[in-house]
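Written below as structure tokens is the structure these notes are about.
Just so it is clear: chains get the letters A, B, ... in the order the sequence lines come, proteins before strands, and each one is counted from 1.
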Amino acid sequence: MNNREIAEIFHSIADILEIKSENPFRIRAYRKAAQTIEDLPQSIKDIHTNGKLSDIPGIGEGIAGKISELIQTEKLKEYEEIRKSVPSGLLEMLNISSVGPKTVALIYKELDITSVEGLEKAVKDHKLAKFPGMGEKKEENILHGIKILRETKERIPIYEAEVIAENIISLLRKVPTVQNISIAGSLRRRRETIGDIDILIASKNSEEVMNVFTTLPQVEEILAKGNTRSSVRIDGGRQVDIRVVQEDSFGTALHYFTGSKAHNIRIRELGIKNNLKINEYGVFKRGKEQDEKIGGSKEVDVFKSIGMPYIPPEMREDRGEIEAGLSGTLPKLIKIDNLRGDLHVHSNWSDGTNSIEEMAEAAMERGYRYIAICDHSKSLKIASGLDEKQLVERQKEINKLNNKYRNFQILSGVELEIHINGELDFSDDVLETLDVVVGAIHTGFSQDENVNTSRIIKAMENNYVDIIAHPTGRLLGKREGYKIDIPAILKTAGDTGTALEINAFPERLDLADIYLQEAKEKGAKFAINTDAHSISQLDFAKFGIGVARRGWLEKQDVINCLDIDELQKSLGTS
DNA sequence: GCCGTTTTCGGCCCGACTGTTTTCAGTCG
């Protein structure tokens, strides 16, 4: 049983307990544990083997025991039992907007309904309205919620969300009373996929902002409209929430609206311990008569009030950032401006759409000092991989261009196929002629874990392989990564000095944020590469930076923050 | 169910919007 499966069971337990109206804090404990397990870089099995389960924050004696039982018996007796009392269809109903645990409990108890389909039928037959708290409108909302549930894709890639958000922001910015506006929520935290899009606005006239927002051309439906908060569904089905506050609350509201929920709870708890109340309107010193506002316009007010420095949004997941803040050990996160070049792009020599010259000039426009052209190697025929002869020809073109440029260098590279047996597509003699070698797997995904792990490790042990591209091979929302022993790969990266790529292509974002700290501890270095197949895709670098920041990386962890001389020294090609 | 620089027991973030009510419960973020 792997991390995700165990996390899912705890999520289900939380859902069941909610329907049963159990202690909300007990429910919160299960959800927290589930989330923590989901985010763990190590296999929970290994942690269990080492007897360290209770060392994980949020996992105490009780849940640790349940994890042990799950690992040892693949089952959890307690779960099997409460599951019987609550049919699984009820859990699915919780996903219907406007249907929560109370409603589910009511329709199960009173109408013996156990599925979304059953609920739909009952609502259509108006069997619900007779119960207290229910009515015509509620029935309508449930039917609508069921329709939306069936239509909506779960989460969207970050770049899609960003386009939507920027578009809406540009329209809202035109409202004269808007003084400040910012993306918030998981998009601001740069999570790899986004559910709802959150936008915060400072304005003296919230009514005007709400009216403009709810009548934007892309709005399909108004879900809620109030003085400070409104929600809409836009075409494509996505939900967008905005909050409007006064400018002197913008900072604390931005902190609140950025989340994560777990981070906010921790921060507010610390506030209580310091005799403060922290909400979206400000930081308040608790007084006998009334509370005194001591901050609110700047986000840093929140952190300062509880004695810590500013924590960047990407770190706010309650994964240790609070402790690091209190102890003064927060990292100085990498920034996009730290990048000096891109070490994995394609040209029209293989499957890219632009010439080497065009890629180089686009890189210069973005302030880079170098770019590595890493066309595919010969066995990847579907992507027009280059053979040895073509490499020599391409080198001539690169030399010619390099003679032309000042303060910029094109590095000659390859995205090199790693065969199933770990052999490489080119011999060492050929690899020696290249500046950058990026090893990659594009075939044989279905091999078992040992095969995939050892093929990658073998490639890393080759002296000429500098970087491992998209190390786990996942495609977000489409394909899980290939089966590999990730801790072993991370360790080999540290041992051999082969950098791990953070592939910034929005569908990949691979290596994922949760592995970066662990890899860093093992001595690994990283390369943030776009894998661009056209000049516009060079802009994907920002998504790679988001991943790196979520993984607490600093600029010295990333080899393409080095100046060209240092980089070449580290690649062994100077 | 978790947790402890006041606690091993008694806390556990805080507020907005909707619908059904006539003061509030449920849902959501």
Give a yes/no on whether any side-chain N or O of [X] is located under 4.0 angstrom from OP1 or OP2 of [N].
| X | N | result |
| --- | --- | --- |
| A:N264 | B:dC13 | no |
| A:K66 | B:dG1 | yes |
| A:K277 | B:dG15 | yes |

Consider only side-chain N and O atoms of [X] and [Y], and report whether a donor and an acceptor are under 3.5 Å apart.
| X | Y | answer |
| --- | --- | --- |
| A:S85 | A:K20 | yes |
| A:T258 | A:R188 | yes |
| A:T177 | A:S203 | yes |
| A:Q239 | A:D241 | yes |
| A:S297 | A:D248 | no |
| A:T193 | A:R155 | yes |

Aromatic ring pairing A:Y310/A:F303, orientation class (parallel under 30°, perpendicular over 60°, tilted between):
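Ring orientation, 0 to 90° scale: perpendicular.
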Once each nucleotide of nucleotides 21-29 of chain B is scored for protein heavy atoms under 4.0 Å, what B/S/- sequence comes out, 5' to 3'?
-----SSSB
Would you measure the distance from the P atom in B:dT27 across to the matching atom in B:dT21 and give it in whole Å?
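Result for the P pair: 15 Å, nearest Å.
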Hey, is A:K522 close enough to A:E518 for a salt bridge, meaning N to O under 4.0 Å?
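A:E518 and A:K522: salt-bridged.
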Of A:K225 and A:G58, the one whose closest DNA chain B nucleotide lies more 5'
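The residue whose closest nucleotide sits nearer the 5' end is A:G58.
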Gap between atoms CG and P, on A:N141 and B:dT18 respectively (whole Å):
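It is 11 Å, rounded to the nearest whole Å.
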Mind checking A:I267 for me? I need base, sugar-phosphate or nothing, with any heavy atom below 4.0 Å counting as a touch.
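Contact class for A:I267: none.
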Hey, can you pull the residues of residues 8-34 of chain A with a non-hydrogen atom under 4.0 angstrom from DNA chain B?
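Residues of residues 8-34 of chain A that come under 4.0 Å of DNA chain B are, in numerical order, A:N23, A:F25, A:R26, A:R28, A:A29, A:Y30.
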Identified pairing partner of B:dG4, criterion: Watson-Crick or G-U wobble below 3.5 Å
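WC or wobble partner is B:dC9.
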